[in-house]
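In what follows, a structure is listed as structure tokens, so that the remarks can point back to it.
What you see below is based on every heavy atom in this structure, not just the backbone, and it leaves out hydrogens, waters and symmetry mates. Reminder, nothing fancy here: chain letters follow the sequence lines and each chain counts from 1. Note that this is a predicted model, so its numbers are computed, not measured.
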4 protein chains.
Amino acid sequence: MLEQLKQDVLKANLELPEKKLVTYTWGNVSGIDRNSGLVAIKPSGVDYSTMKAEDIVLIDLTGRIVEGRLKPSSDAPTHIALYNAFPGIGGVCHTHSRWATAWAQAGLGIPAYGTTHADYFYGEIPCTREMSKSEIASDYEANTGSVIIEAFNNLNPEYIPGILVKNHAPFTWGKDAEEAVHNSVVLEEIAMMAIQCRFLKPDAKPMPDKLLDRHFLRKHGAGAYYGQSKNI
Amino acid sequence: MLEQLKQDVLKANLELPEKKLVTYTWGNVSGIDRNSGLVAIKPSGVDYSTMKAEDIVLIDLTGRIVEGRLKPSSDAPTHIALYNAFPGIGGVCHTHSRWATAWAQAGLGIPAYGTTHADYFYGEIPCTREMSKSEIASDYEANTGSVIIEAFNNLNPEYIPGILVKNHAPFTWGKDAEEAVHNSVVLEEIAMMAIQCRFLKPDAKPMPDKLLDRHFLRKHGAGAYYGQSKNI
Amino acid sequence: MLEQLKQDVLKANLELPEKKLVTYTWGNVSGIDRNSGLVAIKPSGVDYSTMKAEDIVLIDLTGRIVEGRLKPSSDAPTHIALYNAFPGIGGVCHTHSRWATAWAQAGLGIPAYGTTHADYFYGEIPCTREMSKSEIASDYEANTGSVIIEAFNNLNPEYIPGILVKNHAPFTWGKDAEEAVHNSVVLEEIAMMAIQCRFLKPDAKPMPDKLLDRHFLRKHGAGAYYGQSKNI
Amino acid sequence: MLEQLKQDVLKANLELPEKKLVTYTWGNVSGIDRNSGLVAIKPSGVDYSTMKAEDIVLIDLTGRIVEGRLKPSSDAPTHIALYNAFPGIGGVCHTHSRWATAWAQAGLGIPAYGTTHADYFYGEIPCTREMSKSEIASDYEANTGSVIIEAFNNLNPEYIPGILVKNHAPFTWGKDAEEAVHNSVVLEEIAMMAIQCRFLKPDAKPMPDKLLDRHFLRKHGAGAYYGQSKNI
């Protein structure tokens with residue numbers, strides 16, 4: 001069932017060690033088929049080097065396993081929460097990439113210091129609030145999704161396709177699994193540059209709004225003019 | 001037309017991922033044929049792994065496409081502005097390399113702290129002023145060229161073959177596309193070392209002028225004695 | 001004798017350069033067979049690229065060589081001290097990995113800033129006290145073991161499988177040689193992230209206890225639910 | 001003439017890009033045959049990827065070319081000064097490795113913060129004083145050697161096999177070309193760790209003298225017990 005989706009999700013997961021975003025099994029990617037409402041996700045604790053498409057687990061949007069002999073990633077409830085809350089997204093990626101995780105551990109959002117940021121994220125990449133004891137005590141992974149969603153109360157998740165979970169690490173998303181991983185790669189670059197920028201200028205201001213608009217909208221939305229037009 | 005130039009520009013572009021200066025498609029290199037006034041430049045948003053010489057776009061110094069079925073890099077107007085203003089250069093390179101971009105985001109020029117710098121850049125590598133709202137609103141990429149040129153009002157672009165664009169990233173240039181990329185590699189090394197130098201000694205002074213002269217002029221100009229003489 | 005153990009210890013040692021934890025011969029891994037009380041350990045100063053299983057030295061828990069024509073690692077007395085003091089461990093790893101060694105040189109323990117840490121180490125990773133002149137003067141390597149053991153006076157070495165030795169570098173351990181190396185890899189990642197976290201927020205607090213519990217116990221002990229169950 | 005020495009010096013030079021100590025041609029290694037007083041050294045500005053043993057230049061201790069069709073490294077007079085002043089050394093290496101160069105640019109010596117340092121360098125790795133205008137104006141490279149030698153007025157170059165040249169970069173040496181490069185690799189690791197140590201603890205003190213003695217003398221001199229004895 002959904003063989004192409006499982007292939008795509010496998011490929012997106014394998015991109016994580018390839019791009020040096022994960023150590024051991026510290027990361028997971030999923031993709032959703034919006035027609036059936038089924039999510040293909042990495043199995044829990046399985047080594048990237050031996051993972052096959054048949055190891056990818058299919059779950060529904062309540063978290064029930066629909067196909068697959070392995071347990072899904074323990075972070076599956078977070079992925080599901082995001083798919084339920086953000087209908088425009090098709091893939092979710094979670095890593096503990098080094099520089100982005102440092103921001104998460106510091107509990108700070110990443111200001112939009114430059115156009116690398118603006119080309120992908122339309123403003124500061126937020127950091128979630130601290131979770132309460134009861135949120136941690138039960139349904140922890142689902143509640144991780146809830147605090148992410150709460151942070152997007154006044155933000156457009158398609159314009160800011162990622163977040164830092166406080167004391168934890170980043171989650172990113174996109175139109176499919178591949179784009180979700182792409183955004184994790186970008187986030188890691190941005191996180192590194194922003195740390196060095198802040199070292200050089202501790203009171204660095206975010207880039208001017210006009211420049212943020214220009215770069216984000218050059219690549220996204222109706223007026224985009226970056227890249228090749230689709231019928232080439 | 002200009003097949004050798006397109007080959008050279010392709011090769012220079014492929015050097016960017018090879019030297020780990022770019023993530024995805026974040027960079028572009030061009031070269032100019034001064035006789036015809038034609039510029040060969042990377043197409044916009046095309047993956048380095050599949051790029052071929054026939055994908056390289058030929059444009060004239062007004063930005064008109066002369067040959068090629070793809071759109072040129074969206075940064076083409078910046079390249080053109082530089083070729084028009086700096087008649088001595090033959091290649092331009094733009095990347096978002098990590099350490100150099102951090103300086104650009106901080107809005108700071110890189111002081112000449114040591115001989116690695118002095119071997120290639122004859123003084124501080126400047127950072128452009130902030131662009132105005134109107135400069136960003138229309139002809140943004142051409143205006144990026146203008147603020148670069150403005151910063152070189154009293155500087156020799158052949159002696160300081162690169163700059164940081166504020167809140168954006170570096171541009172470098174050289175006698176051809178290959179040398180432009182070479183200077184981007186050097187700039188990234190310099191940017192990294194200068195950040196660590198400044199961490200160790202926040203009030204670090206630039207190197208003595210005499211030493212700057214010695215190293216730059218050992219490799220450039222009539223008295224150069226580094227490397228092998230040309231008839232070997 | 002104990003051919004499988006020697007193979008496992010060889011493989012664990014070779015993982016050190018593979019994971020970029022060591023420069024030249026700066027590291028050593030051992031594993032113990034608890035039935036016989038024999039320890040298989042890397043020979044001293046031998047290059048990883050040519051090391052074979054037959055080069056692995058077997059020593060007993062008094063440090064006497066039982067098998068092998070080479071001298072054991074000069075750190076062998078530290079390994080032995082740990083095996084004697086911590087009966088639950090089966091492997092020990094020592095490296096001079098860059099980021100962890102920086103913490104050791106600073107004489108600081110690594111606070112549990114986030115879940116990457118909590119997934120493996122149940123609280124701050126301690127740093128030993130400074131050794132006295134007499135501890136350094138005689139039986140230095142055995143005394144290195146003693147100050148490690150002293151630091152675990154009120155800590156469970158199976159819950160915090162590693163330590164920083166002041167002005168020296170890290171030691172980690174685990175149920176076998178492979179897990180000891182695994183924990184060194186994790187420690188290096190944690191050490192890097194914690195330095196960047198502290199740069200971003202000099203007064204960063206450790207993660208909430210509840211979150212520390214949640215992540216550590218999700219992977220360890222009776223209630224663990226990460227990964228696949230054993231009979232798959 | 002001296003074919004084995006040229007082979008050894010070639011191999012040592014090729015180790016520089018292999019260990020990621022150099023960008024482009026920024027580095028050079030030499031070795032001396034003390035019987036003949038001849039030095040084999042890298043040619044100036046030649047690419048590592050195409051260098052052959054026959055490109056290695058033989059010079060005498062006055063700097064005269066004895067064999068070879070290429071010009072020797074422009075830093076040859078520095079190498080010669082070191083060979084003349086330090087009769088116990090057999091190889092010299094110069095790089096612009098990133099972390100060590102940052103210390104040189106900051107004009108600071110690297111304190112002995114830990115045992116990684118102590119295993120190779122018996123105390124602080126010094127930084128030279130600033131060169132005078134006249135020292136820079138004529139015989140610059142020979143004078144670079146002079147300020148290095150001046151810094152070793154009260155130091156043993158065989159116990160501290162390297163230095164940072166202010167506003168420039170490191171030089172290291174050893175019993176032969178291979179060991180000189182080895183010490184450059186070690187220096188780069190030490191330089192990185194020392195920067196991070198100083199970030200974590202700005203007032204970090206050097207390691208206790210007793211520990212410095214212990215580690216240095218464990219590997220050097222009559223009482224050394226690290227590694228295998230020579231007749232194995």
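Heavy-atom distances place the side chain of A:Val46, and not its backbone, under 4.5 Å from chain C. With a 4.5 Å cut-off on non-hydrogen atoms, A:Glu135 does not touch chain C at all. Contacts of C:Arg198 with chain A are absent, with no heavy-atom separation under 4.5 Å from either backbone or side chain.
Chosen from C:Leu200, C:Val186, C:Val185, C:Ile190, the residue pairing most often with chain A at heavy-atom distances under 4.5 Å is C:Leu200.
Taking 4.5 Å as the heavy-atom cut-off, the residues of residues 2-25 of chain C that approach chain A are C:Lys19, ordered by number. Along residues 96-120 of chain C, the residues that come nearer than 4.5 angstrom to chain A, judged on non-hydrogen atoms, are C:Trp99, C:Tyr113, C:Gly114, C:Thr115, C:Thr116, C:Asp119, C:Tyr120 in order of number. Contacts from residues 201-212 of chain C to chain A, taken as heavy-atom pairs separated by less than 4.5 Å, involve C:Lys201, C:Met207, C:Pro208, C:Lys210, C:Leu211 in sequence order. Of residues 144-153 of chain A, not one residue has a non-hydrogen atom less than 4.5 Å from any non-hydrogen atom of chain C.
Taking the side chain as every heavy atom from C-beta outward, C:Arg214 and A:Lys133 never approach each other to under 4.5 Å.
Atom CD of C:Glu189 sits about 5.5 Å away from atom CH2 of A:Trp26, to the nearest 0.5 Å.
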